[in-house]
Amino acid sequence: MVLGFIGTGHMGGALAKAASVNRNNTLLLANRHPEKAQKLAEMIGGSVCSNSQAVLEADLLFIGVKPQMLEEMLSDIREQLSLRKPPFTVVSMVAGRTIAQMQEKMGCSAPVIRIMPNTPVAVGEGIILYTCSSEVTEAMEQRFLEAMSNAGRFLKIEERLADVSSVVGGCGPAFAAMFLEALSDGGVACGMPRDQAMEVSAQMMLGTAKLMLESHAHPGAMKDAVCSPGGSTIQGVRTLEERAFRAAVTDAVIAAYERTLRF
Ligand SMILES: NC(=O)c1ccc[n+]([C@@H]2O[C@H](COP(=O)([O-])OP(=O)(O)OC[C@H]3O[C@@H](n4cnc5c(N)ncnc54)[C@H](OP(=O)(O)O)[C@@H]3O)[C@@H](O)[C@H]2O)c1
């Protein structure tokens with residue numbers, strides 16, 4: 001299958017990297033500054049091309065430009081898009097843009113799969129939430145899932161939940177990275193070497209997330225399981241509560257969601 005990527009930045013590049021693991025995929029990489037696409041091609045394989053070529057030759061066309069760049073980019077490829085017929089499918093990762101808006105801006109009713117991915121797809125541990133336009137058949141959906149099967153976990157959602165899902169899954173790695181940095185700083189403050197503190201923090205988060213996914217435990221119960229009466233952990237929990245840690249994280253999600261709605 002031929003996968004075209006228009007926009008090989010952080011997210012487009014991470015998805016292309018995940019797709020490159022599947023030997024049945026051929027990658028076409030297009031970017032405003034082609035040297036960025038070239039650098040990616042040298043790392044993961046695939047060939048660099050123009051936006052038009054990606055539209056004309058791809059079976060799945062991934063749109064990976066920023067929302068504010070979308071209109072200008074689409075205006076240059078509208079004619080080529082009108083020439084493509086299903087099962088050609090557009091895969092949009094553009095935050096805050098609905099399927100209907102994408103089809104209107106493309107000037108055609110090409111099948112669209114709207115995805116809300118996150119950067120851990122680059123290491124096969126992403127979460128890709130997705131929703132399909134009515135033109136997407138079951139076969140097209142399966143083709144997309146197979147092509148991207150090395151990206152991580154997939155969850156089909158209703159489009160009305162796309163924006164909030166993109167914040168929890170897509171912005172989440174930034175929030176998680178801040179927690180990892182702070183945890184490591186704490187370790188360093190108490191004498192751990194930086195590299196050890198980061199390794200321990202990262203593996204701890206990986207393991208905790210895996211435990212939650214595999215045991216289906218509530219995070220509150222997982223916290224209780226570590227807090228022994230009169231012990232150390234509960235003192236840390238008390239300190240986080242004093243500094244409104246959970247309220248700050250919840251507010252961060254709401255702030256990012258409100259910003260997404262204004263794109
Ligand atoms: N980053 C995330 O974690 C994340 C998560 C979920 C969804 N998304 C969505 O993914 C999209 C990309 O985000 P990003 O973080 O990857 O941004 P990014 O790193 O800035 O990547 C955007 C890329 O688009 C390229 N571009 C801009 N205009 C173009 C054009 N006309 N033709 C071809 N390429 C063009 C840019 O090229 P130049 O470098 O040459 O300017 C850049 O490489 C956004 O819509 C965002 O909402 C991102």
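Counting convention: from 1, in listed order, for ligands and their atoms alike. Sequence positions, counted from 1, serve as the residue numbers for this chain.
- Scanning the protein for heavy atoms near atom 20 (O) of ligand 1, the closest one is K66 CE, 3.5 Å.
- The nearest heavy-atom contact from the protein to atom 1 (N) of ligand 1 is M11 CB, 4.1 Å.
- Side-chain contact between D76 and N51 is absent, with no heavy-atom pair separated by less than 4.5 Å.
- For N51, every heavy-atom contact with ligand 1 shorter than 4.0 Å involves the side chain, none the backbone.
- Polar contact check, H10 against ligand 1: a nitrogen or oxygen pair lies under 3.5 Å apart.
- For E35 and K39, the salt-bridge test fails: no basic side-chain N is under 4.0 Å from an acidic carboxylate O.
- Near A95, the atoms of ligand 1 lying under 4.0 angstrom from a non-hydrogen atom of the residue are 45 (O), 47 (O).
- Proximity of M69 to ligand 1, defined as any heavy-atom pair under 4.0 Å, is confined to the side chain (atoms from C-beta onward).
- When M93, K36, Q68, R32 are checked for heavy-atom proximity to atom 42 (C) of ligand 1, K36 turns out nearest.
- By the criterion of a heavy-atom distance under 4.0 Å, the side chain of I6, and not its backbone, is placed next to ligand 1.
- Which parts of ligand 1 touch H33 is read off a 4.0 Å heavy-atom cut-off, strictly below it: atoms 38 (P), 40 (O), 41 (O).
- Between the side chain of S228 and the backbone N or O of G231, no donor-acceptor pair lies under 3.5 Å.
- Put simply, part of V65 is less than 4.0 Å from ligand 1, judged by heavy atoms.
- The protein atom (non-hydrogen) at minimum distance from atom 21 (O) of ligand 1 is G9 CA, 3.3 Å.
- With respect to atom 23 (C) of ligand 1, the closest heavy atom belonging to the protein is G64 O, 3.7 Å.
- Atoms of ligand 1 found under 4.0 Å from any heavy atom of T119, numbered from 1 in the order shown, are 3 (O).
- Looking at P117 against ligand 1, both its backbone and its side chain come within 4.0 Å, counting heavy atoms.
- Relative to the ring axis of Y257, R259 does not place its NZ or CZ within 45° and under 6.0 Å from the centre.
- Classification of the F144-F62 ring pair by plane angle, with boundaries at 30° and 60°, yields tilted.
- Nearest protein heavy-atom contact of atom 25 (C) of ligand 1 is N31 OD1, 3.2 Å.
- When atom types are taken as modelled, the side chain of E72 and the backbone of M69 share no donor-acceptor pair closer than 3.5 angstrom.
- Side chain of R114 to main chain of R97: a donor-acceptor pair is present (N/O by atom type, distance under 3.5 Å, no hydrogens or angles).
- Judged by distance alone, with hydrogens and angles left aside, the side-chain atoms of D163 form no donor-acceptor pair with the main-chain N or O of L261 at under 3.5 Å.
- Ring geometry for F179 versus F245: interplanar angle of 30 to 60°, hence tilted.
- Of the protein's non-hydrogen atoms, the one nearest atom 31 (N) of ligand 1 is M73 CG, 3.4 Å.
- Between Q80 and S52, the side chains place a donor N or O and an acceptor N or O closer than 3.5 Å (distance only, hydrogens not considered).
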